[in-house]
There are 4 protein chains.
Amino acid sequence: MNKNRPKYKQIIDAAVEVIAENGYHSSQVSKIAKKAGVADGTIYLYFKNKEDILVSLFQEKMGQFIEKIEEDIKTKSNAKEKLLAMIKTHYGLLSEDHHLAIVTQLELRQSNKDLRLKINDVLKRYLLVIDHIVEDGKAEGLFHESLDLRLVRQMVFGTLDETVTNWVMNDQKYSLTDQAEEVHELLIHGLTIHAK
Amino acid sequence: MNKNRPKYKQIIDAAVEVIAENGYHSSQVSKIAKKAGVADGTIYLYFKNKEDILVSLFQEKMGQFIEKIEEDIKTKSNAKEKLLAMIKTHYGLLSEDHHLAIVTQLELRQSNKDLRLKINDVLKRYLLVIDHIVEDGKAEGLFHESLDLRLVRQMVFGTLDETVTNWVMNDQKYSLTDQAEEVHELLIHGLTIHAK
Amino acid sequence: MNKNRPKYKQIIDAAVEVIAENGYHSSQVSKIAKKAGVADGTIYLYFKNKEDILVSLFQEKMGQFIEKIEEDIKTKSNAKEKLLAMIKTHYGLLSEDHHLAIVTQLELRQSNKDLRLKINDVLKRYLLVIDHIVEDGKAEGLFHESLDLRLVRQMVFGTLDETVTNWVMNDQKYSLTDQAEEVHELLIHGLTIHAK
Amino acid sequence: MNKNRPKYKQIIDAAVEVIAENGYHSSQVSKIAKKAGVADGTIYLYFKNKEDILVSLFQEKMGQFIEKIEEDIKTKSNAKEKLLAMIKTHYGLLSEDHHLAIVTQLELRQSNKDLRLKINDVLKRYLLVIDHIVEDGKAEGLFHESLDLRLVRQMVFGTLDETVTNWVMNDQKYSLTDQAEEVHELLIHGLTIHAK
DNA sequence: TATGAATGAGACTTCATTCAT
DNA sequence: AATGAATGAAGTCTCATTCAT
């Protein structure tokens with residue numbers, strides 16, 4: 001199924017818009033087709049089924065998302081700065097694309113377990129980025145050697161995800177990017193008082 | 001309606017089981033009724049509609065959940081210990097009830113926006129518990145006065161939620177309670193090296 | 001089933017009220033029971049089933065209706081006056097009981113064919129009254145001997161019924177009784193110009 | 001929607017048959033679809049919902065009905081003949097289509113108030129035809145100037161409707177058209193003896 | 001490639017009636 | 001006689017997917 005054809009991207013972008021505007025359960029294939037300017041049947045020339053649209057949407061968008069983050073991190077010299085860059089880019093990209101933020105944080109979570117497992121597969125690459133930063137930090141002597149990689153990864157991702165979700169649920173009415181530094185600080189030093 | 005009748009609890013418990021075993025979208029009212037040992041129509045003597053079963057389920061279970069946590073915290077004398085108690089009880093209660101863990105972490109998230117909003121209402125009480133601990137910590141001079149309550153709350157809840165969800169998605173095959181102390185440590189001190 | 005008990009009438013009157021206020025399809029047995037001040041199950045001590053309430057309602061009310069008309073007619077000395085008396089009483093009784101008018105003209109017509117057949121049985125006695133008037137008129141030399149009894153009966157009843165139904169559907173906002181004389185005139189002399 | 005497609009008419013005709021044969025309350029959408037030779041879902045490509053089938057049925061059939069009557073009347077030169085033509089066509093058309101007669105006289109009356117209001121809208125056009133005839137009759141000096149248009153309309157329609165309903169309820173076992181002239185006579189001259 | 005009319009499975013909820021008390 | 005909690009059958013409509021053109 002020809003991923004290079006313009007209609008492929010057309011349909012995915014239509015899906016983001018339709019889902020953001022109507023919500024997951026009111027986003028029928030026919031609505032997506034209409035927004036994309038193609039016939040219902042045409043969807044099935046590019047996607048195996050409805051779930052495939054959503055998985056592809058997530059792969060496509062999250063792929064770009066991760067690439068951007070990987071790029072931005074490369075320019076940083078230590079784990080602390082890399083973590084800050086990751087947070088800033090994570091917040092920044094979602095701030096720039098409100099529709100995508102709604103879709104990934106709220107709507108796509110309503111999907112069934114199968115779809116969520118596939119989404120998790122896509123997310124693994126992002127989690128690897130976190131893992132690398134932590135490993136770097138350990139190597140640099142900045143982070144404890146004994147940190148459990150899995151737990152740290154879950155804390156970092158859980159925190160970012162929860163902050164973004166709350167921001168979306170509050171209608172994105174405050175600045176997400178403005179809180180990047182404090183979140184970074186919290187993750188690095190935790191709740192207790194410490195020497196800066 | 002009739003919350004004191006045994007059938008009310010019977011139906012809620014049946015709902016947890018059925019949803020955990022079949023998934024949200026395959027949990028028909030008739031299946032729940034059968035498991036509860038009542039007629040389909042009986043469900044509607046105790047619940048307004050299907051969504052009401054789920055909201056009530058969440059209220060009932062999460063209510064007990066929060067009560068237990070509030071009780072456990074009362075016995076602790078400082079914010080740090082309170083936080084640890086909260087984590088241990090949070091992990092402990094979900095470890096004890098595998099079905100409930102599946103339902104709250106995975107299945108109930110597939111519900112529509114309306115139901116999710118009602119669920120969020122119930123969660124607010126839990127978030128308040130976190131807030132109180134953080135305020136205590138500030139008063140004790142243990143936590144920074146400048147900590148943003150909202151961000152901390154989101155970090156703590158996001159971390160707990162993400163760790164539990166991963167545990168559930170990995171078929172609960174490792175011990176959740178065993179990681180309570182390290183998660184506590186991470187939240188308290190963050191990623192960097194520090195004097196214990 | 002004990003028609004002499006006070007609850008029998010209580011339930012029938014409750015049924016009239018409930019149906020007039022809620023419409024045929026929103027008049028559940030439980031609503032009628034509540035209005036009558038008895039338990040749902042009690043209804044079934046006095047009536048075989050729901051349809052039996054409605055048939056009984058019609059029999060009871062229509063019985064009184066016809067008795068009144070028969071009485072009023074007795075006092076009149078010729079067919080023309082009898083017809084006028086019948087129309088006046090028909091209109092008068094329904095004008096006095098708005099609830100009953102709504103129930104008989106609109107709501108009870110929504111019942112199924114079975115119930116309507118039973119209702120027709122009750123109506124036969126009323127149709128006989130019409131028949132007798134026509135026969136009287138023929139004997140008096142006032143009406144044509146050749147008039148088809150069935151057709152005349154249908155014209156008279158059809159006209160009365162249609163006028164009352166329209167009056168009810170127009171929210172009873174004009175006087176029904178005021179038009180008795182003109183309707184009588186129309187039935188007696190038809191549409192064409194004639195010597196009075 | 002799509003009123004020109006053959007399936008639109010197919011479904012309406014199937015609905016008439018199914019309702020005539022099974023009665024209003026036993027006419028499930030699936031039964032109509034089966035009789036029409038289409039899938040259940042196809043119904044909803046042509047009709048908004050089940051009620052819409054019935055309203056459309058009535059509009060379609062009653063529209064043709066009225067058109068025929070209007071045509072027939074045009075050829076007549078005075079009100080008396082027009083009235084006779086109307087009665088004959090009214091009786092004639094329903095005699096020709098027994099299924100339709102059952103549906104319009106008995107089954108559709110069991111519908112709820114909403115549907116009946118919509119049906120009344122359609123009927124208004126027919127009532128206008130009656131009104132025009134009466135006005136013509138007045139202009140010709142045939143009918144009394146003082147006749148109340150509303151009452152006359154109700155007498156004429158009430159009489160026709162009642163005679164047809166009785167014919168249908170008696171299983172259409174006598175000739176409806178044969179009584180057209182006498183009904184006409186009754187409406188024109190009433191019950192009393194008069195010079196022809 | 002593209003179309004879009006047609007398909008048909010699947011579930012929530014109501015409410016007349018029963019029967020143990 | 002009276003209660004009222006419990007029963008369970010039954011039907012409309014949606015929407016992902018197909019396939020003839």
Side-chain angles (χ1 to χ4, degrees), chain A residues 1-2 5-7 25-34 36-54, chain B residues 1-2 5-8 11 25-34 36-53, chain C residues 1-2 5-8 11 25-34 36-54, chain D residues 1-2 5-8 11 25-34 36-53:
Chain A
M1 316 195 178
N2 239 316
R5 288 306 195 71
K7 288 197 177 159
H25 283 114
S26 300
S27 295
Q28 296 79 4
V29 171
S30 60
K31 234 180 229 168
I32 296 173
K34 198 171 186 180
V38 301
D40 293 16
T42 306
I43 298 266
Y44 292 86
L45 299 175
Y46 294 90
F47 300 91
K48 217 168 60 240
N49 52 33
K50 190 182 180 182
E51 184 179 302
D52 190 31
I53 306 177
L54 304 176
Chain B
M1 352 179 154
N2 269 322
R5 291 308 196 63
K7 291 208 173 146
Y8 178 82
I11 292 167
H25 283 114
S26 301
S27 295
Q28 295 82 357
V29 171
S30 59
K31 239 179 226 168
I32 295 174
K34 198 169 186 181
V38 300
D40 292 16
T42 305
I43 299 266
Y44 292 87
L45 297 175
Y46 295 89
F47 300 91
K48 234 181 27 255
N49 50 35
K50 189 181 179 183
E51 180 178 307
D52 191 32
I53 308 177
Chain C
M1 315 192 183
N2 242 315
R5 290 302 196 71
K7 288 199 177 158
Y8 178 83
I11 292 167
H25 283 115
S26 301
S27 295
Q28 295 80 2
V29 171
S30 61
K31 234 179 228 168
I32 296 173
K34 197 170 187 180
V38 300
D40 293 16
T42 307
I43 299 265
Y44 291 87
L45 298 175
Y46 294 90
F47 300 92
K48 219 169 57 239
N49 51 33
K50 188 183 182 182
E51 184 178 303
D52 190 31
I53 307 176
L54 304 176
Chain D
M1 355 178 155
N2 269 322
R5 291 307 196 65
K7 292 209 170 143
Y8 178 82
I11 293 167
H25 283 115
S26 301
S27 295
Q28 296 81 356
V29 171
S30 60
K31 239 180 225 168
I32 296 173
K34 197 169 186 181
V38 300
D40 291 17
T42 305
I43 300 266
Y44 293 87
L45 297 176
Y46 294 90
F47 301 91
K48 232 179 29 250
N49 49 36
K50 189 180 179 183
E51 181 179 307
D52 190 32
I53 308 177

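In this text, all values refer to a predicted model and were calculated from it rather than measured experimentally. Protein chains get the first letters and strands the later ones, always in sequence-line order, with residue 1 at the start of each.
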Taken to the nearest whole Å, CD1/C:Ile11 to P/E:dT17 is 14 Å
Rounded to whole Å, how long is the line connecting atom CD1 of B:Ile53 with atom C1' of E:dT13?
11 Å
Between C1' of F:dT14 and NE2 of B:His25, the distance in whole Å
14 Å
Secondary-structure string, 5' to 3', Watson-Crick or G-U under 3.5 Å, | for another-strand partners, for DNA chain F
.||||||||||||||||||||
How many whole angstroms separate atom CD of B:Glu51 from atom C1' of E:dC12?
13 Å
Using whole Å, what does the distance between atom C1' of nucleotide E:dT7 and atom NZ of D:Lys34 come to?
16 Å
When rounded to the nearest 0.5 angstrom, what is the spacing between CD1 in B:Ile11 and CD1 in B:Ile43?
4.5 Å
Sequence neighbours excluded, the answer for side-chain hydrogen bond (donor to acceptor under 3.5 Å, both in side chains) partners of D:Lys31 is D:Gln28
Round to the nearest Å and state the distance from C:Phe47 atom CZ to F:dA2 atom P.
13 Å
Closest non-hydrogen atoms of B:Asn49 and B:Tyr44, given as atom of the first, atom of the second and distance, are CA-CE2, 3.8 Å
On DNA chain E, compare the nucleotides closest to A:Lys7 and D:Thr42; which residue's is nearer the 5' end?
A:Lys7
Once you measure the plane-to-plane angle for D:His25 and C:His25, does it fall in the parallel (<30°), tilted (30-60°) or perpendicular (>60°) bin?
perpendicular
When you check the phosphate oxygens OP1 and OP2 of F:dA5, does a side-chain N or O of B:Tyr46 lie under 4.0 Å from one of them?
no
Given DNA chain E, 5'-ward residue of the pair C:Asn49 and B:Ser27, judged by closest heavy atom
B:Ser27
Whole-Å P distance, F:dT21 and E:dT1:
22 Å
C:Ala39 side chain: which of E:dA11, F:dG4, E:dG4 is closest?
F:dG4
List the residues meeting side-chain hydrogen bond (donor to acceptor under 3.5 Å, both in side chains) with D:Lys50, not counting sequence neighbours, and say none if there are none.
none
Expressed as a whole number of angstroms, how long is the span from D:Ile32:CD1 to F:dC13:P?
11 Å
By the 4.0 Å heavy-atom rule, please label B:Val29 as base, sugar-phosphate, or nothing.
base
Detail all sub-3.5 Å separations between protein N/O atoms and N/O atoms belonging to nucleotides 18-21 of chain E.
none

Comparing D:Ser26 with C:Gly37, nearest DNA chain F nucleotide closer to 5' gives the residue C:Gly37
In whole angstrom, give the distance that lies between atom CG of B:Leu45 and atom P of E:dT13.
14 Å
Minimal heavy-atom distance between A:Ile32 and A:Ser27, with the atoms involved, is CD1-O, 4.4 Å
When rounded to the nearest 0.5 angstrom, what distance separates CG in C:Leu45 from OH in C:Tyr8?
14.0 Å
